[in-house]
Amino acid sequence: MQAAIHPSAVIEEGARIAPGCRIGPFAVIGPEVTLAEGVEVKSHAVVTGWTDIGAETVIFPYACVGEVPQDLKYAGERTRLIVGARCRIREGATLNTGTEGGGGVTRVGDDCLLMTGVHIGHDAQVGNGVIMANQVAIAGHCEIGDRVVIGGLSGVHQFVRIGTGAMIGAVLMVAHDVLPHAMVRGPRGEVDGLNLVGLKRRGASRDELRALRAAYAALSNPDQSLSDTARALLDSTDSPHVREIAAFITEGSDRAFLKPK
């Protein structure tokens, strides 16, 4: 099936448009863009830069995908943005390419929903199945794990890591790493237990939930460092979720951690 391209769209020479793509009126597709099969770029959206868009992703009006980084150190080097399959990039969202100093690639996984006005900064690495509500801002170099949910108007500081399955409330500033499966609330971001709803939806057993609760209780001990507790958990548990949390802590980070209460 041939691509359906509106006559008013601007497709620059060199762009690669797969069969089944749909490009709406006044959309702009840059010369180094690759659109996989079934991608839809709606009216007035811009896809530019060295950008790859995965199959069946939909880009809504006035989104700007693949523009250069908002980083004063950026000197025009050729860097990249990769977006996975079946994503929804809603109105006014902005996704930037990487920087040479940050690895050169900004990446968004499969099946992500980026709602109105979301910003994904340079060199950010976003996992699969991530949901970001309206006006979420992800700064440069952040790592967002699979199935993370971030509430509207929240911001994530550069270099912060958010672990798999965490849920971040609305109108928060997240300045420290967030453990996998944590629930974060409060204006400056505090860990307030586990994301039990998300865990149950993904089929976590009662034994796993008990192991996670025990691990979070241990990690909240004010008399022992997170790293010491994490190493002890790695030596003492067979729970895959607990081992995931312990590994997240022991991997090291450029930021401090949000510690469970």
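No donor-acceptor distance shorter than 3.5 angstrom exists from the side chain of Asn128 to the backbone of Gly109, with no hydrogens or angles considered. Thr97 contributes no side-chain N or O that, together with a main-chain N or O of Thr106, makes up a donor-acceptor pair within less than 3.5 Å. Lys259 contributes a side-chain N or O that, together with a main-chain N or O of Asn221, makes up a donor-acceptor pair within less than 3.5 Å. The main-chain N or O of Glu100 is found under 3.5 Å from a side-chain atom of Glu77 such that the two form a donor-acceptor pair. Remark: the backbone N or O of Gln125 is not paired with any side-chain donor or acceptor of Arg107 at under 3.5 angstrom. Without hydrogens or angle criteria, Ser154 side chain to Val136 main chain gives no donor-acceptor distance under 3.5 Å. Between the Thr79 side chain and the Val105 main chain, no donor and acceptor come within less than 3.5 Å of each other. Side chain of Asp110 to backbone of Ala85: a donor-acceptor contact under 3.5 angstrom is found.
Salt-bridge formation is not detected for the pair Arg255/Asp177: no Lys NZ or Arg NE/NH1/NH2 atom is positioned less than 4.0 Å from an Asp or Glu carboxylate oxygen. Under a 4.0 Å N-O distance rule, the pair Glu40/Arg22 qualifies as a salt bridge.
Atom CG of Asp111 and atom SG of Cys87 lie 6.5 Å apart (nearest 0.5 Å). The distance from the CD1 atom of Ile11 to the CD1 atom of Ile5 is 5.0 Å, given to the nearest 0.5 Å. The distance from atom CG of Asn195 to atom NZ of Lys200, rounded to the nearest 0.5 Å, is 10.5 Å. From Asp223, atom CG reaches atom OG1 of Thr229 across 10.0 Å, with rounding to the nearest 0.5 Å. Rounding to the nearest 0.5 angstrom, the gap separating the OG1 atom in Thr34 from the CD1 atom in Ile29 is 11.0 Å. Here CD1 of Ile59 is found 7.0 Å from CG of Leu35. Values are rounded to the nearest 0.5 Å.
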Report the C-alpha distance between Arg243 and Leu234 in whole Å, list the side-chain angles of each, state the deciding distance to 0.1 Å, and finish with yes or no for side chain to side chain contact (heavy atoms under 4.5 Å, CB included).
CA-CA 6 Å; Arg243 294 187 67 83; Leu234 282 173; 4.0 Å; yes
Between Val39 and Val47, does a side chain to side chain contact (heavy atoms under 4.5 Å, CB included) hold up when you go through it step by step?
CA-CA 12 Å; Val39 168; Val47 186; over 6 Å; no
Can you check side chain to side chain contact (heavy atoms under 4.5 Å, CB included) on Glu91 and Tyr62, steps first, answer last?
CA-CA 6 Å; Glu91 296 83 351; Tyr62 301 103; 5.5 Å; no
Can you check side chain to side chain contact (heavy atoms under 4.5 Å, CB included) on Phe26 and Ser43, steps first, answer last?
CA-CA 6 Å; Phe26 305 106; Ser43 66; 5.7 Å; no
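Heavy-atom neighbours of Gln135 CD from other residues, nucleotides or ligands within 6.0 Å: above the threshold of 12. Remark: Arg202 CZ is packed, more than 12 non-hydrogen atoms of other residues, nucleotides or ligands lying under 6.0 Å away. Within a 6.0 Å radius of CZ in Arg88, other residues, nucleotides and ligands contribute more than 12 heavy atoms. Annotation: Gln2, atom CD; neighbour count of heavy atoms from other residues, nucleotides and ligands within 6.0 Å does not exceed 12. Around atom OH of Tyr74, more than 12 heavy atoms belonging to other residues, nucleotides or ligands sit under 6.0 Å away. In this structure, Asp238 places its CG atom where only 12 or fewer heavy-atom neighbours from other residues, nucleotides or ligands lie under 6.0 Å away.
The two residues Ser8 and Pro25 have their closest heavy-atom pair at OG-CA, 3.2 Å.
In the hydrophobic clustering of ILVMFWY residues, with side-chain heavy atoms under 4.5 Å counting as a link, Val191 and Val174 come out together. Residues Val83 and Trp50 do not share a hydrophobic cluster, defined by chaining ILVMFWY side chains whose heavy atoms lie under 4.5 Å apart. Placement of Val149 and Ile120 in two distinct hydrophobic clusters is found when ILVMFWY residues are connected by side-chain heavy-atom separations under 4.5 Å, directly or transitively. When hydrophobic clusters are built by joining Ile, Leu, Val, Met, Phe, Trp and Tyr residues whose side-chain heavy atoms come closer than 4.5 Å, directly or via intermediates, Ile138 is grouped together with Val160. Tyr216 and Met183 fall into different hydrophobic clusters, defined by Ile, Leu, Val, Met, Phe, Trp and Tyr side-chain heavy atoms under 4.5 Å apart, directly or through other members.
The side-chain heavy atoms of Glu67 and Thr94, taken from C-beta on, include no pair separated by under 4.5 Å. Met132 is listed as a side-chain neighbour of Val126, based on a closest heavy-atom distance under 4.5 Å. Looking at heavy atoms from C-beta onward, His157 lies in side-chain contact with Met173 at the 4.5 angstrom threshold. Within the 4.5 Å cutoff, the side chain of Arg90 has no heavy atoms near those of the Val118 side chain. Side-chain contact check for Arg80 versus Asp52: some heavy-atom pair is nearer than 4.5 Å. With contacts defined as side-chain heavy-atom distances shorter than 4.5 Å, the pair Leu219/Ile249 qualifies. The shortest distance between side-chain heavy atoms of Leu233 and Ile245 does not fall below 4.5 Å. Annotation: side chain of Ser227 is not in contact with side chain of Thr250 (no heavy-atom distance under 4.5 Å).
Screening Ile131, Thr164, Ile162 against Val148 for a side-chain contact (heavy atoms from CB on, under 4.5 Å) leaves a single residue, Ile162. The one candidate from Leu196, Asp207, Val242 that meets the side-chain contact (heavy atoms from CB on, under 4.5 Å) condition with Leu212 is Val242.
Ring geometry for His122 against His141 counts as perpendicular: the plane angle is over 60°, on a 0 to 90° scale with 30° as the lower cut. Phe248 and Phe257 have perpendicular rings, their planes meeting at more than 60° on a 0 to 90° scale where under 30° would count as parallel.
For the residue pair Asp123 and Thr99, a side-chain donor N or O sits within less than 3.5 Å of a side-chain acceptor on the partner. The closest side-chain donor-acceptor pair between Glu208 and Ser239 falls under 3.5 angstrom.
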